[in-house]
Amino acid sequence: MNLTEKMRQEAAQILESKEADLVIGWGGGEYYWQSPPLFLEDAAGAAELAFSPFIVNNLAKYLLEELESHEKAALFVKGCDTRGINRLLQDHRIQREAVLLIGVPCAGLADREKLKAAGYDAGLLQVERQGDSFILTLEGEEGAREVPAGEFLLDKCLECRYPNPLVYDRLLGEEVQKPRERDPMARVREVQKKPVDEKYAYWQEKLSRCIRCYACRNVCPACNCRECIFDQNAPRWVGKANQLSEKQNYNIIRSFHIAGRCIDCGECQRACPMDIPLMEINRKIIQDLTELYGEYEAGIDPTDVPPLGTYRAEDPAGFSER
Amino acid sequence: MKKIDKSKLEDLWGRLAAEQDLFLPVQQDSVVNFALWQEGSRVNLEAVNSLLPPKDLLFPQSEKIFSYKRREGELSFEEAPGSGPQVIFGIRPCDVRSIELLDPVFFKEPADTFYKNRREQTTLVSIGCLEPDTTCFCTAFGIQPLDAEGADVMLYDMGTAYLVSPRTEKGEKLAEEMGELLEEAAGAEEEGLQQQQEAAASAQEHGLDLDGVFEKLNDMFDHCIWEKFYRRCLACGTCTYLCPTCHCFDIQDDGSPEEGQRFRCWDSCMYEDYTHMGHGHNPRPGRRERVRNRFMHKLNYFPKDHDGVYHCVGCGRCVQKCPVNLDIMQVIEEIGKEGVGGEGHDR
Amino acid sequence: MSVAKEGFEPLIVAFCCNWCSYAGADLAGTGRMPYPANVRIVRVPCSSRVNPSFVIRAFQRGADGVIVAGCHPGDCHYHSGNFFTRRRLSVLRRLLEYMGIEPERFQVRWISGSEGAKFAQVMTDLTADIRALGPNRKLRDAL
Amino acid sequence: MTANPILPRRAVVEKILQDTPDTKRFFVTLKDGEPFNHKPLQCAMLSVPPVGEALFSITSSPTRPEYLEFAVKEVGTVTKHLHYEVQEGTEIGIRGPYGNGFPIDVIRGKDLLFIGGGIGLAPLRSLINYCFDTRKDYSKIQIIYGARTPEDLSFKEEIFENWPKEDARLNLTVDVESPGWEEFVGFVPTYLEHLAPTPEGVIAVTCGPPIMIRFVLQGLEKLGFQPEQIITTLELKMKCGVGKCGRCNIGEKYVCQDGPVFSLAELNGMIPEF
């Protein structure tokens with residue numbers, strides 16, 4: 001049985017047995033790269049579930065609203081997604097009993113942009129994972145082609161450290177072994193090396209592209225405030241004018257607000273339509289927190305306290321204490 | 001017909017930019033957007049669509065309306081100065097159409113003077129699309145990828161040169177500015193164009209069927225179809241900000257009691273705040289209402305007021321960039337499947 | 001960007017905790033210990049009240065330098081507020097530097113209610129540092 | 001180039017009166033001396049930089065052009081600023097008039113029934129005074145008006161001094177018993193039911209809190225009023241006032257231009273999203 005079939009069977013069984021009154025999974029789309037989140041209350045709908053190397057959305061974010069109208073939600077979770085679940089548990093935004101987690105081990109997801117750049121977009125019908133390869137189903141005579149998966153993985157998957165779910169009630173398939181192929185902090189160190197004015201110019205170029213669609217915030221499992229300060233009108237913390245200073249304000253504060261809570265899933269950067277390297281900001285904070293206050297990874301243990309929520313009397317300071 | 005050799009484009013841009021603001025698609029990282037031309041700009045005329053539509057050049061993401069001053073109690077307003085002439089070079093036919101869809105909104109009395117002023121001084125130089133992207137569906141709206149009806153100058157890509165076809169008075173004037181950079185096209189090139197056009201005409205239209213969608217939606221306000229789509233929506237503004245026809249805006253002040261400015265800026269009907277009133281009432285309180293409103297506006301409300309013309313040009317930007325694949329083509333298809341008065345009409 | 005201008009007078013916003021640093025400023029005043037008029041004090045109940053947004057907002061609205069001053073660690077009126085401040089603003093300070101803001105422009109200091117002289121000295125030094133750096137154009141609103 | 005429709009005109013707040021505990025009345029004149037040319041039930045956008053703009057119904061009748069008058073209840077940022085920062089003599093900005101205004105032609109020669117609740121009397125008042133100033137054009141006029149308490153009744157000089165002198169029937173009510181109150185006690189829809197006006201040849205115009213409007217509409221229909229005989233006014237968030245910024249739409253209608261005045265017959269044909 002392939003993963004799609006397993007997902008469907010699992011979902012149907014959960015809904016039939018009323019183990020949960022909602023299943024959140026991924027469906028298929030018109031294009032090979034689409035994998036829209038799918039919401040099922042009825043076992044009959046389970047046939048719409050589809051596993052593909054594009055199941056990128058972290059479904060945990062939906063729990064915030066869906067659990068207002070459901071007793072218990074079952075959802076499919078990848079390794080990175082479970083860090084989001086732990087975040088929500090840690091913030092007491094969801095109760096563990098209200099979720100049924102079906103773990104999906106993940107050897108890394110495919111990047112449409114990389115496929116496109118290699119000339120595979122038009123006429124590509126389906127992408128499937130097979131061992132270390134992606135099998136591309138193509139329109140026309142050629143039929144299928146096998147390409148090395150590593151060349152077409154999302155950057156964030158190359159940097160992933162948790163391919164297997166950290167918390168789950170059931171696991172679909174076998175755990176996967178997947179070494180981290182790229183050092184996520186490499187970019188941070190590169191940017192950090194620049195002289196201060198060059199850093200400013202670097203970020204000016206990137207952030208001036210921001211259109212403040214707030215996709216980065218809305219997709220983020222650490223951004224779970226009931227009312228976000230960026231939506232407040234009185235006082236208004238960030239102006240709506242399309243000027244650099246407001247974009248800098250938004251992006252600096254957004255990433256500061258998830259300091260110590262960012263689960264390093266890279267969804268903000270993936271969702272950003274303007275290709276702003278947001279993880280280079282988030283990871284800078286992760287790096288500094290580690291340097292100053294010790295190794296910490298958010299979303300691993302739901303019972304610990306994030307570094308900015310605690311202190312030690314002997315903490316070092318990032319400024320002169322004379 | 002005249003043509004311009006691609007090797008002469010830099011000279012052409014230099015010349016045009018001396019006379020007016022010249023905007024064209026410029027590459028920055030992986031992103032191609034319309035930007036003011038400067039020597040050394042990484043111009044990319046090959047990318048089918050800019051990431052952001054060029055609507056920003058007629059309806060900026062934020063623009064000053066006036067500055068105000070309060071001196072010894074006297075409040076005065078100074079209207080923001082108008083802008084000068086500009087050329088949008090390399091705009092694609094779908095985006096040209098989108099401007100034709102914005103015109104009736106902003107020209108409708110009382111006309112929007114900022115938009116009108118910019119529009120009247122804008123010359124559109126459009127490039128036809130030989131190879132549309134996989135997410136393009138402009139033909140479903142009757143747009144011809146090779147030809148933009150509303151362009152002032154149409155350029156046809158012939159490999160090493162563009163054939164240049166001025167369409168309007170503004171276009172003729174621009175062709176004059178191009179002067180000796182234009183050469184007489186050879187017969188072979190004109191034939192080539194004819195072949196392109198024939199090939200385009202015989203090419204299949206996009207399979208998306210819009211027939212009856214507008215009419216069906218008249219009765220689908222309470223239809224269960226919206227349940228299916230809204231739940232995945234993250235309520236970000238990506239689709240609206242990337243949309244060439246979305247035109248909602250907010251008006252805000254910025255400054256002190258003594259002086260400052262009032263500006264308007266893009267707003268998104270996906271945001272909760274958009275319709276939230278001072279005393280707390282919100283007619284579209286949830287994503288359900290807001291997602292419905294967005295699609296209804298594109299496919300029903302706008303056509304109702306504009307001879308059945310849809311407020312979408314099939315550029316595919318929202319399809320590509322929606323982080324949760326809320327795909328307008330899929331919405332249109334689902335609406336098409338529904339029979340009028342059929343199942344699902346009462347939620 | 002960091003060129004000092006002739007006759008440039010920096011604008012410095014100082015967020016001072018009510019219990020220590022603001023009292024320190026008071027003491028500097030009553031003790032006739034001069035410090036530059038460039039410093040505009042915003043009194044806050046505790047240094048931990050200073051939201052990073054306040055700092056960004058100050059730069060947006062034209063500050064050339066921002067300083068947050070609180071009680072010495074262990075002396076917080078609210079027991080532990082400044083311990084949180086220390087973590088939070090240490091991270092913010094590094095982040096701002098990473099975003100291209102000269103680290104001199106954003107400072108944090110511990111100044112007690114009895115340290116009037118220290119208050120005057122810190123403000124004098126900071127003003128001199130910022131004067132040398134020149135006007136801040138980064139993060140500023142372009143009105 | 002034609003005038004920019006979203007540029008305000010300069011105006012002065014000449015006079016401010018406390019109307020009810022949470023409502024103030026602002027009397028405004030234009031600095032350019034040109035007329036504002038509004039119709040009853042139209043609105044104007046008042047500007048108070050740096051706080052912004054908000055839309056208010058004009059409560060003065062066009063037949064009394066000395067002041068443009070607004071009754072403002074404190075609810076949001078702009079109204080708060082008007083209440084606490086603006087004083088007599090303060091200069092503000094104003095633009096408009098906006099909205100379709102009241103279809104006067106529809107009511108000429110008819111009996112009129114006005115039903116108002118709380119601050120909802122503000123827009124009605126411009127029409128009521130307009131009708132009194134052109135009294136011969138109308139047949140009988142009846143006004144039913146209520147508020148929570150006697151204190152909360154708006155425009156006290158109108159309802160206690162001016163209007164009783166007019167050729168009209170005036171029925172007042174408050175929600176709860178109050179010392180010294182000798183008129184009806186009960187909600188406006190209850191009073192309407194109690195008074196039971198007959199629908200023949202009558203046009204009913206109502207404005208008030210949404211919940212009151214809902215029950216008044218039901219009450220009128222129960223009394224036999226046809227949807228065409230019932231007129232109300234809607235309020236939605238607005239920014240531009242000129243049908244472009246998008247947010248005040250109900251389906252394809254923009255309340256700032258196509259409204260705010262709609263007959264119940266029109267509302268019944270619109271999507272229920274307001």
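Chain letters run A, B, ... following the sequence lines, proteins first, then strands; residues in each count from 1.
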Chemist: If you tally heavy-atom pairs under 4.5 Å against chain A, which of B:Asn33, B:Asp327, B:Asp29, B:Val31 wins?
Modeler: B:Asp29

Chemist: Does NZ or CZ of B:Arg264 lie under 6.0 Å from the centre of the six-membered ring of B:Phe249, at an angle within 45° of the ring axis?
Modeler: yes

Chemist: Measure distances from B:Leu234 to the heavy atoms of chain A and classify the residue's part below 4.5 Å as side chain, backbone, both or neither.
Modeler: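 Both backbone and side chain.
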
Chemist: In terms of heavy-atom proximity below 4.5 Å to chain B, should A:Glu30 be classed as side chain, backbone, both, or neither?
Modeler: side chain

Chemist: When you measure from the centre of the six-membered ring of B:Tyr115, is the NZ or CZ of B:Arg118 under 6.0 Å away and within 45° of the axis?
Modeler: no

Chemist: Under 4.5 Å heavy-atom distance to chain A, tell me which part of B:Gln28 shows up: side chain, backbone, both or neither.
Modeler: both

Chemist: Looking at A:Arg187 and A:Asp155, does any basic side-chain N land under 4.0 Å from a carboxylate oxygen?
Modeler: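 The answer is no: the pair does not qualify as a salt bridge.
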
Chemist: Would you mind telling me which of B:Thr134, B:Leu52, B:Leu51 has the largest number of heavy-atom pairs within less than 4.5 Å of chain A?
Modeler: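 Top option by heavy-atom pairs under 4.5 Å: B:Thr134.
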
Chemist: Is A:Lys114 paired with A:Glu151 through a side-chain N to carboxylate O contact shorter than 4.0 Å?
Modeler: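 A salt bridge is absent here (no side-chain N lies under 4.0 Å from a carboxylate O).
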
Chemist: Give the member of B:Glu63, B:Glu131, B:Arg231 that has the highest number of heavy-atom pairs under 4.5 Å with chain A.
Modeler: B:Arg231

Chemist: Side chain, backbone, both or neither: which part of B:Leu242 has a non-hydrogen atom closer than 4.5 Å to chain A?
Modeler: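 Side chain of B:Leu242 only, per the 4.5 Å heavy-atom cut-off to chain A.
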
Chemist: Counting only non-hydrogen atoms closer than 4.5 Å, does B:Arg287 touch chain A with its backbone (N, CA, C, O), its side chain (CB onward), both, or neither?
Modeler: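 For B:Arg287, side-chain heavy atoms alone lie under 4.5 Å from chain A.
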
Chemist: Using a strict 4.0 Å threshold on nitrogen-to-oxygen distance, state whether A:Arg217 and A:Asp231 make a salt bridge.
Modeler: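 Judged by the 4.0 Å cut-off on N to carboxylate O distance, A:Arg217 and A:Asp231 do form a salt bridge.
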
Chemist: Do you know which of A:Ala215, A:Ala271, A:Ser35, A:Pro36 has the most heavy-atom pairs under 4.5 Å to chain B?
Modeler: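 Maximum pair count with chain B is reached by A:Pro36.
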
Chemist: Any idea how B:Phe295 and B:Trp226 line up, ring-wise: parallel (<30°), tilted (30 to 60°), or perpendicular (>60°)?
Modeler: parallel

Chemist: For the residue pair B:His247 and B:Phe106, does the interplanar ring angle fall in the parallel (under 30°), tilted (30 to 60°) or perpendicular (over 60°) class?
Modeler: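 Ring orientation, 0 to 90° scale: perpendicular.
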
Chemist: Any ion pair linking A:Glu280 and A:Arg283 (charged N to carboxylate O, less than 4.0 Å)?
Modeler: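 No, no charged N to carboxylate O under 4.0 Å.
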
Chemist: Give a yes or no on whether a salt bridge exists between A:Lys116 and B:Asp133, defined as a side-chain N under 4.0 angstrom from a carboxylate O.
Modeler: yes

Chemist: At a 4.5 Å cut-off on heavy atoms, which part of A:Tyr62 comes close to chain B: side chain, backbone, both, or neither?
Modeler: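 Just the side chain, heavy atoms under 4.5 Å.
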
Chemist: Check whether B:Thr135 gets within reach of chain A through its side chain, its backbone, both or neither, counting any heavy atom under 4.5 Å.
Modeler: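 It is both, since atoms from each part get that close.
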
Chemist: Of the backbone (N, CA, C, O) and the side chain (C-beta and beyond), which part of B:Glu272 lies under 4.5 Å from a heavy atom of chain A, both, or neither?
Modeler: neither

Chemist: Can you tell me which portion of A:Glu205 sits under 4.5 Å from chain B's heavy atoms? Options are side chain, backbone, both or neither.
Modeler: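 Contact with chain B involves both backbone and side-chain atoms of A:Glu205.
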
Chemist: Give the intermediate values and the outcome of side-chain contact (heavy atoms from CB on, under 4.5 Å) for residues B:Arg317 and B:Ser50.
Modeler: CA-CA 9 Å; B:Arg317 290 180 175 97; B:Ser50 55; 3.3 Å; yes

Chemist: Name the region of B:Cys265, side chain, backbone, both or neither, that has any atom closer than 4.5 Å to a heavy atom of chain A.
Modeler: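 The side chain, not the backbone.
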
Chemist: Does the Lys NZ or Arg CZ of A:Lys194 fall within the cation-pi geometry relative to A:Trp203 - under 6.0 Å from the ring centre and within 45° of the axis?
Modeler: no

Chemist: Measure A:Gln232 against the heavy atoms of chain B and call it side chain, backbone, both or neither at under 4.5 Å.
Modeler: neither

Chemist: Which class fits the ring pair B:His279 and B:His281: parallel under 30°, tilted 30 to 60°, perpendicular over 60°?
Modeler: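 Rings of B:His279 and B:His281: parallel, as their planes differ by under 30°.
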
Chemist: Is B:Ser268 close to chain A through its backbone or its side chain, or both, or neither, when contacts mean heavy atoms under 4.5 Å?
Modeler: neither

Chemist: Relative to chain A, which segment of B:Met329 carries a heavy atom at a distance below 4.5 Å: side chain, backbone, both, or neither?
Modeler: side chain

Chemist: Among A:Arg112, A:Glu113, A:Glu267, single out the residue with the greatest number of heavy-atom pairs under 4.5 Å to chain B.
Modeler: A:Arg112

Chemist: Chain A heavy atoms under 4.5 Å from B:Gln61: which part of the residue, side chain, backbone, both or neither?
Modeler: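 Both parts, backbone and side chain.
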
Chemist: Counting only non-hydrogen atoms closer than 4.5 Å, does A:Asn57 touch chain B with its backbone (N, CA, C, O), its side chain (CB onward), both, or neither?
Modeler: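 It is the side chain, since no backbone atom gets that close.
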
